[in-house]
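Just follow the structure's listing: the first ligand is 1, and inside any ligand the first atom is 1.
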Amino acid sequence: MSTRRKFLQTSFLGSIGLFSGKKIMAQSDADYPTIKNEPIVLSTWDFGKAANTEAWTILGKGGRALDAVEAGVKIPEADPNNQSVGYGGLPDRDGHVTLDACIMDEYYNCGSVMGLENIIHAISVARLVMEKTPHVVLIGEGAFQFALANGFKKENLLTPESEKAWKEWLKTSKYEPIMNIENKLHKPASGGDMPGGPNNHDTIGMIAMDASGNCSGACTTSGMAFKMRGRVGDSPIIGAGLYVDNEVGAATSTGVGEEVIRIVGSHLVVELMRQGLEPEAACKKAVERIISRNPEKAKKVQVGFLALNKKGQYGGYALQPGFTFAVKSGKEERIIKAKSIY
Ligand code: ASP
């Protein structure tokens, strides 16, 4: 960037700081300007609504998007009735509830935990990885020990309901990710009802912009139900399940993580927005990339993307009907059914 442009941006930021009376957050340079904006928060699925409400207690008061997304996703993490996130999540095929989560702020700082057991708030451990270690990812036992060392409590995450669903699943032990595909929810190809409820997975991905115009995101899940021990999906992988670039916006994903990882989905969505696509169009293009890679497979799985740009525009798109997302801002609070290819 030319010195002159940099100077102009810096002066502009300085005058906003004076005008709003707010402290502009320290940045290494002025390439990523902080501008005053309308706060907004978006989350995957209907259960994102309650998470958004919590996030809004911070965003609505002018708080930081990073704090809001962490607080927001802790709601489904602590909810035993949500069998796809945190406490009460459906276990892997050996009966272990293993959590995956990641978080990213407006300065490209990020943290992630993979295969974390016996700790409810995986997202808060991910944040500590980001803030207190020189690393980005901690896995399994190392992540667990790190959590204990930082005051987290060891807890059993397997609820009686999820244990029952697992035992039911053990009768056939067929791994069939049936992902929230409208009208097909209860019927795996093998017949019978899907153990553990209408679908055997969802994830909360939350992206937000605060009153300073800064974006952050969080993503947390118990992963695909009855997965192989050690399996990690897209959700805790920066760039796959979540990506934030404060110059452009943020994106997150849900669905069959393997398909998202192959195209580094959330990063792709952000890059498409950088090229000028609006959020919904960027999500659609990413979904189309999954189809072009393997059209036959794409017909059978669900993937949904959700994105937000710096203007506060947002949108989502999915492979299959059935993907919903929740939005909350000063102007609206609702659940939206995303468009889909099929
Ligand atoms: N993306 C998650 C995973 O692959 C699951 C989901 O979002 O439904 O673990």
Side-chain angles (χ1 to χ4, degrees), residues 42-48 51 73 76-77 82-86 88-93 96-102 112-117 122-123 126 137 139 157 162 165 175-182 184-185 188 194-207 217-243 251-269 283 286-287 290 297-298 300-306 316-326 338 340:
L42 295 143
S43 299
T44 52
W45 305 112
D46 294 17
F47 60 77
V73 304
E77 277 188 342
N82 186 324
Q83 291 185 299
S84 57
V85 181
L90 290 169
D92 65 17
R93 66 187 192 184
H96 309 275
V97 181
T98 64
L99 305 184
D100 297 331
C102 73
S112 160
V113 288
M114 302 183 186
L116 177 65
E117 292 178 43
I123 199 64
V137 185
I139 63 163
L157 304 186
S162 290
Y175 181 72
E176 288 183 53
I178 305 292
M179 307 296 309
N180 221 325
I181 297 171
E182 217 174 42
K184 297 180 202 162
L185 298 185
M194 175 54 64
N199 55 289
N200 66 4
H201 240 281
D202 292 339
T203 287
I204 184 153
M206 177 181 275
I207 47 182
C219 188
T220 178
T221 187
S222 48
M224 302 294 291
F226 320 126
K227 60 197 174 185
M228 284 176 72
R229 180 132 178 85
R231 179 266 186 190
V232 171
D234 58 323
S235 308
I237 299 180
I238 296 295
L242 175 74
Y243 197 69
T252 189
S253 65
T254 183
V256 178
E258 283 75 4
E259 302 311 311
V260 179
I261 293 170
R262 283 186 239 278
I263 64 156
V264 198
S266 293
H267 185 261
L268 174 62
V269 171
C283 292
V287 164
I290 293 176
K297 190 156 185 205
K300 297 181 205 127
V301 297
Q302 175 66 304
V303 169
F305 289 108
L306 177 60
Y317 219 93
L319 274 172
Q320 315 288 342
F323 172 48
T324 58
F325 60 92
S340 63

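- Close approach to Thr254 involves these atoms of ligand 1, each under 4.0 Å from a residue heavy atom: 6 (C), 7 (O), 8 (O).
- A distance-only check finds a donor-acceptor pair linking the side chain of Ser162 to the backbone of Gly88 [under 3.5 Å].
- In summary, the atoms of ligand 1 found under 4.0 Å from a heavy atom of Ser235, numbered by their order in the structure, are 1 (N), 2 (C).
- Applying the side chain to side chain contact (heavy atoms under 4.5 Å, CB included) criterion to Ser112, with sequence neighbours excluded, gives Cys102, Met114, Val137, Pro236.
- Taking every non-hydrogen atom of Asp234 and a distance limit under 4.0 Å, the qualifying atoms of ligand 1 come out as 1 (N), 2 (C), 3 (C), 4 (O).
- Interatomic distance, CG of Asn82 versus CD1 of Ile204, reported as 8.0 Å (0.5 Å rounding).
- Side chain of Ser222 to backbone of Gly86: no donor-acceptor contact under 3.5 angstrom is found.
- Atom 3 (C) of ligand 1 has its nearest heavy-atom neighbour, among Glu259, Arg231, Glu258, in Arg231.
- By the 3.5 Å distance cut-off applied to N or O atoms, Gly255 is counted among the residues near ligand 1.
- Within ligand 1, the atoms closer than 4.0 Å to a non-hydrogen atom of Gly223 are 9 (O), numbered from 1 in the order shown.
- For the side chain to side chain contact (heavy atoms under 4.5 Å, CB included) test, residues two or more places apart in sequence or in another chain that qualify with Ile263 are Leu268, Ala286, Arg289, Ile290, Phe305.
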